[in-house]
Amino acid sequence: MAIKKAFDTFAGPLAKSNPITTQVLGICSALAVTVKMDTALVMSAALIFVLVGSNIIVSALRNLIPSRVRIIVMLTIIATLVICIDQILKAFLFDISKQLSIFVGLIITNCIVLGRAEAFALKNTVGESALDGLGNGIGYGLILLLVAAVRELLGSGTMLGIQIVPRFLYVDQGGWYVNNGFMLLAPGAFIILGLLVWVQRTITGYTEE
Amino acid sequence: MEQVVHLLSLAVETIFIKNILLAYFLGMCSFLAISKKVETSIGLGLAVVFVNGITVPVNWMISSYLLDKGALQWTGIAGMEQVDLGFLTFIVFIATIAAMVQLVEMILDKVSPTLYQSLGIFLPLIAVNCAILGSSLFMVEREYDLMEATVFGASAGIGFFLAIVTLATMRYKLKYSDVPEGLRGLGIAMLLTGLISMAYMSFSGINL
């Protein structure tokens with residue numbers, strides 16, 4: 001029984017109650033860092049680190065945090081974790097941290113982190129909160145990678161920087177193929193995510209209103 | 001005169017071409033959650049213009065007089081030109097924003113109760129709006145000076161206001177359309193945002 005509950009806590013956010021497509025949390029960064037798959041991967045890793053960390057810390061302190069100042073306490077915990085990950089990225093993955101620009105810092109105001117801390121970690125044990133953080137983080141990462149895969153494949157003809165569309169098909173090589181530059185622009189991201197939400201909600205049967 | 005033209009072109013660029021929401025995706029959460037009614041979206045939009053116009057210059061002062069490398073030189077203490085508190089940027093900015101929101105709320109309550117009534121519920125929400133923190137971080141990244149930062153903050157807010165009111169009016173019309181089941185709510189809102197964003201892209205290339 002306990003195992004099943006733990007599994008549900010972890011697996012629920014992967015598909016059925018996915019943070020992006022169902023809970024509508026954390027959309028800003030989902031769109032901004034998905035031009036290429038490697039930035040999406042690094043961003044998801046950073047978010048998983050912050051989310052699991054903040055869930056564990058908030059849950060461990062849940063009986064000590066006075067409810068009137070809880071928002072500012074949680075923001076401080078999250079901001080500290082984000083500073084850690086930002087410094088780590090700047091030290092070891094400088095190029096990617098330049099590409100992510102301000103979006104690592106924006107994990108602080110990413111609604112997923114604060115939302116899960118408020119809705120789950122404040123009421124549950126440390127172990128469950130860690131699982132919830134991990135599940136939501138991976139659920140977020142999955143959507144990010146899907147959007148990034150579509151945008152990178154259609155927009156640049158590559159995946160993770162590896163050429164997928166054969167070179168000889170391109171116009172400059174005597175072929176007929178041209179990359180769809182629209183996918184690299186902002187509207188492309190909105191439309192891909194909108195279609196993804198449609199597919200996901202048709203499969204899980206979730207409807208609003 | 002040159003300065004005025006420069007600031008004006010910065011404002012136009014921030015509102016239309018580099019719209020904080022439609023080109024940088026900041027503030028999407030509240031954008032999607034609050035845009036169901038036109039009145040509330042106007043309230044939120046005004047609150048964002050207001051708070052952004054105040055927090056960006058305030059954060060500019062904090063980052064150039066306290067946090068940047070060598071910013072503490074004005075204290076006159078020896079060795080201060082070596083101090084770099086840049087790693088504290090995130091935590092200080094978010095604290096400033098939370099404090100400014102609280103302050104704006106209290107001042108509004110005293111000075112203009114009617115405006116407070118209409119903005120009231122949205123002000124606390126704004127503290128965790130990515131658009132506010134994002135504008136402050138962009139201001140640091142793009143190395144604006146104080147005038148530019150002020151104009152940038154206010155026009156980023158105006159851009160957000162325009163976008164959210166546009167989407168709210170479109171969603172109002174949408175009530176009478178037959179949208180496929182899985183697309184209702186978030187899905188169709190994202191597609192609409194994509195279309196609005198495409199329309200805004202046609203502004204790119206404008207130069208004053």
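Below, chain A is the first sequence line, B the second, and so on; all start at residue 1.
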Under 4.5 Å from any heavy atom of chain B, what part of [X] do you find: side chain, backbone, both or neither?
X        : answer
A/Thr204 : neither
A/Ile72  : side chain
A/Leu185 : side chain

Measure B/Ile94 against the heavy atoms of chain A and call it side chain, backbone, both or neither at under 4.5 Å.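 B/Ile94 touches chain A through side-chain heavy atoms alone.
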
Residue B/Phe31 versus chain A: region with a heavy atom under 4.5 Å: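 Neither part, no heavy atoms under 4.5 Å.
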
Pick whichever of [options] has the most heavy-atom pairs under 4.5 Å with chain B.
options                      : answer
A/Leu196, A/Ile108, A/Leu114 : A/Ile108
A/Gly105, A/Pro187, A/Gly188 : A/Pro187
A/Ile78, A/Ile191, A/Thr202  : A/Ile191

Nearest 0.5 Å, please: how far is [atom2] in [Y] from [atom1] in [X]?
X        : Y        : atom1 : atom2 : answer
B/Phe90  : A/Leu75  : CZ    : CG    : 14.0 Å
B/Leu32  : A/Ile27  : CG    : CD1   : 5.0 Å
B/Leu137 : A/Thr109 : CG    : OG1   : 8.0 Å
A/Leu106 : B/Leu133 : CG    : CG    : 5.0 Å

Do any of residues 191-203 of chain B have a heavy atom less than 4.5 Å from a heavy atom of chain A, and if so, which, in residue order?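 Contacts with chain A: B/Leu191, B/Thr193, B/Gly194, B/Ser197, B/Met198, B/Met201.
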
In this structure, are over 12 heavy atoms from other groups packed under 6.0 Å from B/Glu143 atom CD?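 No, because the 6.0 Å sphere around CD of B/Glu143 holds 12 heavy atoms or fewer from other groups.
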
Would you say that more than 12 heavy atoms from the other residues, nucleotides or ligands in this model lie under 6.0 Å from the OH of A/Tyr177, or not?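 Buried by this count: over 12 neighbours within 6.0 Å.
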
For A/Phe190, check ring-ring contact (aromatic ring centres under 6.0 Å, His included) against everything at least two apart and list the hits.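 Here the qualifying residues are B/Phe25.
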
Any residue meeting side chain to side chain donor-acceptor pair (under 3.5 Å) with A/Thr158, in chain and number order, not counting sequence neighbours: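 Side chain to side chain donor-acceptor pair (under 3.5 Å) check on A/Thr158 returns A/Glu152.
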
So do A/Ile102 and B/Leu26 actually touch side chain to side chain, heavy atoms under 4.5 Å?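 They are in contact (side-chain heavy atoms under 4.5 Å apart), so the answer is yes.
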
Is B/Met190 close to A/Leu31 at the side-chain level, that is, under 4.5 Å between some pair of heavy atoms?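 With C-beta onward as the side chain, the pair touches.
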
Using the side chain to side chain contact (heavy atoms under 4.5 Å, CB included) criterion, which residues pair with B/Pro180? Sequence neighbours excluded.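 Per chain and number, B/Pro180 pairs via side chain to side chain contact (heavy atoms under 4.5 Å, CB included) with A/Trp198, B/Leu183.
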
What are the two closest non-hydrogen atoms of [X] and [Y], and how far apart are they?
X        : Y        : answer
B/Ile91  : A/Ala79  : CG1-CB, 3.8 Å
A/Arg201 : B/Arg184 : NH1-O, 3.4 Å
B/Leu22  : A/Ala186 : O-CB, 3.1 Å

